[in-house]
Amino acid sequence: MKKTEILICNFGGPEKESDVQPFLFNLFYDPLVIKTSFGPFRKMFANYVSKKRAPESNHEYAKIGYSPINRTTQTQAEQLQALLRETHPETNVRVVNRYTAPFAQDVIPSVDAKNARVFIITMYPHFCHSTTATSVREVDQAFMAKYPGEEIDSTRIYSWWHNQSYLDFSFEQLRGKLEETIKNQSEGPLTVMFSAHGIPKKYRVKGDPYVSETTGHYNEIKRRCNAWLKEFEGGKHLDRCHWILCYQSRVGRVEWTKPYTDATIEELGKSRGGHLLLFPVSFTSDHIETLYEMDVTYKEQALECGFTSYQRVLAANTDSKFTQCLKDILIQHGF
């Protein structure tokens, strides 16, 4: 049996103050993130924006002890490698980050793609050009640099939100926290808010499937939770639960996918109140968007504008059940 090389692609994040500005530069220099006609001015633009935003971003990262996503992804890779080696001992699982080390150009030279099966799996459950496509593109470019003029066989795994084991995992993540919240807050309205990272509206109009996929994920988990609520304590909590999918983390002046998470929290806090339970639907690792934007900004906003309690479901992180999901997804793709 051939050796197997599995590349786990993730976003990356700054681990200290000196990482922040280079991280932002790489992000804003990416043509699949900032889709404009800057052309030769793209580098100048990325330099300007990253330097301008670095102080504020560093303040936020410092508040959470900087991003844990690199450590989390490495642990996820190690757990998956140990699990896969139980049946396929000649398996390596490597991390490839998009905006902080280890970059594809650093990892791919050590991958013997001619004598191994290669699997590329992105850590984004829903396909988006600004995350999934740009990660796979970087891996492809690194392979082309190593094997110029040759085609390298690989299995690409993305858009895996509908994998049954992952849907089961997502449901149990939310159901457990929902049950805990209901038991602690037995009276009053309860808003279950799914919050996904938004994208500019024009990207969706041009055919990016991300919003449709997050909507599908939301609808299925909502369906399962409502079925559970009908049975839990005689169904008495079913009508107090209000469900909504929102989008966060917008940047700049252009319109992004709506409804916006912050605006919806403000509106529902004033009009409905009660309790807020936030589920980070598009995140498999906790980082700045969950640890700061959700746990600090949205929590403060929710409690100030009318909600009496705030809870958040953790991302998958290093949960061994999530590692089992990744194994199942790989098996479905021929591992």
A.B. asks: For Q141, does the CD atom have more than 12 heavy-atom neighbours from other residues, nucleotides or ligands under 6.0 Å away?
C.D. replies: yes
A.B. asks: Treating S50 as the side-chain partner and N47 as the backbone partner, does any N or O pair qualify as donor plus acceptor under 3.5 Å?
C.D. replies: yes
A.B. asks: Looking at R312 and D295, does any basic side-chain N land under 4.0 Å from a carboxylate oxygen?
C.D. replies: yes
A.B. asks: Provide the full list of ring pair (Phe, Tyr, Trp, His ring centres under 6.0 Å) pairs with a residue in residues 288-308, sequence neighbours left out, each pair given once.
C.D. replies: none
A.B. asks: Does atom CD of E150 have more than 12 heavy-atom neighbours, drawn from other residues, nucleotides or ligands, at distances under 6.0 Å?
C.D. replies: yes
A.B. asks: Taking side-chain hydrogen bond (donor to acceptor under 3.5 Å, both in side chains) as the test, write out the residues that go with R223, two or more places apart.
C.D. replies: E220
A.B. asks: Atom OH of residue position Y147 - does it have more than 12 heavy atoms of other residues, nucleotides or ligands inside 6.0 Å?
C.D. replies: yes
A.B. asks: Salt bridge check, D140 against R137: does any charged N sit closer than 4.0 Å to a carboxylate O?
C.D. replies: no
A.B. asks: So which heavy atom on P280 is nearest to which on A315, and how close?
C.D. replies: CG-N, 4.5 Å
A.B. asks: With the threshold set at 4.0 Å, does a side-chain nitrogen-carboxylate oxygen contact exist between R94 and E5?
C.D. replies: yes
A.B. asks: Without hydrogens or angle criteria, can the side chains of E293 and S249 be said to hold a donor-acceptor pair below 3.5 Å?
C.D. replies: yes
A.B. asks: Please check: side-chain N/O of W161 versus main-chain N/O of T214, any donor-acceptor pairing under 3.5 Å?
C.D. replies: no
A.B. asks: Looking only at non-hydrogen atoms, find the nearest pair between I120 and C9 and report the distance.
C.D. replies: CG2-SG, 3.8 Å
A.B. asks: Ignoring hydrogens and geometry, is there a side-chain-to-backbone donor-acceptor pair from R98 to T132 under 3.5 Å?
C.D. replies: no
A.B. asks: Are the side chain of Y210 and the backbone of H197 linked by a donor-acceptor contact shorter than 3.5 Å?
C.D. replies: yes
A.B. asks: Indicate the ring-plane relationship of H126 and H217, choosing parallel, tilted or perpendicular according to the 30° and 60° boundaries.
C.D. replies: tilted
A.B. asks: Angle between ring planes, F127 versus H129, binned at 30° and 60°: parallel, tilted or perpendicular?
C.D. replies: perpendicular
A.B. asks: Do F41 and F45 make the cut of ring centroids closer than 6.0 angstrom?
C.D. replies: no
A.B. asks: Looking at E60 and K63, does any basic side-chain N land under 4.0 Å from a carboxylate oxygen?
C.D. replies: no
A.B. asks: Any side-chain to backbone donor/acceptor pair from Y203 onto V33? Under 3.5 Å, distance only.
C.D. replies: yes
A.B. asks: Under the ring pair (Phe, Tyr, Trp, His ring centres under 6.0 Å) rule, what do Y99 and F11 come out as? Steps first, then yes or no, please.
C.D. replies: CA-CA 6 Å; Y99 302 114; F11 206 79; 4.8 Å; yes
A.B. asks: List the residues meeting side-chain hydrogen bond (donor to acceptor under 3.5 Å, both in side chains) with R272, not counting sequence neighbours, and say none if there are none.
C.D. replies: T191
A.B. asks: Tell me whether the count of non-hydrogen atoms from other residues, nucleotides or ligands lying under 6.0 Å of CG in N184 goes above 12.
C.D. replies: yes
A.B. asks: So, using salt bridge (Lys or Arg N to Asp or Glu O under 4.0 Å) as the criterion, who are the partners of D208 when residues are at least two apart?
C.D. replies: none
A.B. asks: Are any side-chain N or O atoms of R240 and backbone N or O atoms of G188, one a donor and one an acceptor, separated by less than 3.5 Å?
C.D. replies: yes
A.B. asks: Using side chain to side chain donor-acceptor pair (under 3.5 Å) as the criterion, point out the one residue from D286, T72, T284, T73 that pairs with N317.
C.D. replies: D286
A.B. asks: Report all side-chain donor-acceptor pairs from residues 321-335 shorter than 3.5 Å, counting only partners two or more places apart or in another chain.
C.D. replies:
from	atom 1	to	atom 2	distance (Å)
T323	OG1	Q79	NE2	2.8
D328	OD2	N163	ND2	3.1
D328	OD2	S165	OG	3.0
Q332	OE1	N163	ND2	2.9
H333	ND1	I329	O	2.8

A.B. asks: Show me the pairs that pass ring pair (Phe, Tyr, Trp, His ring centres under 6.0 Å) and involve residues 263-289, at least two apart or across chains.
C.D. replies: F194-F279, F283-H287
A.B. asks: Quick one: do R224 and D168 make a salt bridge, cutoff under 4.0 Å?
C.D. replies: yes
A.B. asks: Is it true that atom NZ of K146 has more than 12 heavy atoms of other residues, nucleotides or ligands lying nearer than 6.0 Å?
C.D. replies: yes
A.B. asks: Using modelled atom types and a 3.5 Å cut-off, is there a donor and acceptor pairing between side-chain atoms of N219 and backbone atoms of T215?
C.D. replies: yes
A.B. asks: Any donor-acceptor pair under 3.5 Å linking the side chain of T134 with the backbone of L32?
C.D. replies: no
A.B. asks: Between N58 and Y66, is any side-chain donor less than 3.5 angstrom from a side-chain acceptor?
C.D. replies: yes
A.B. asks: Would you call E172-R175 a salt bridge at under 4.0 Å N-O?
C.D. replies: yes
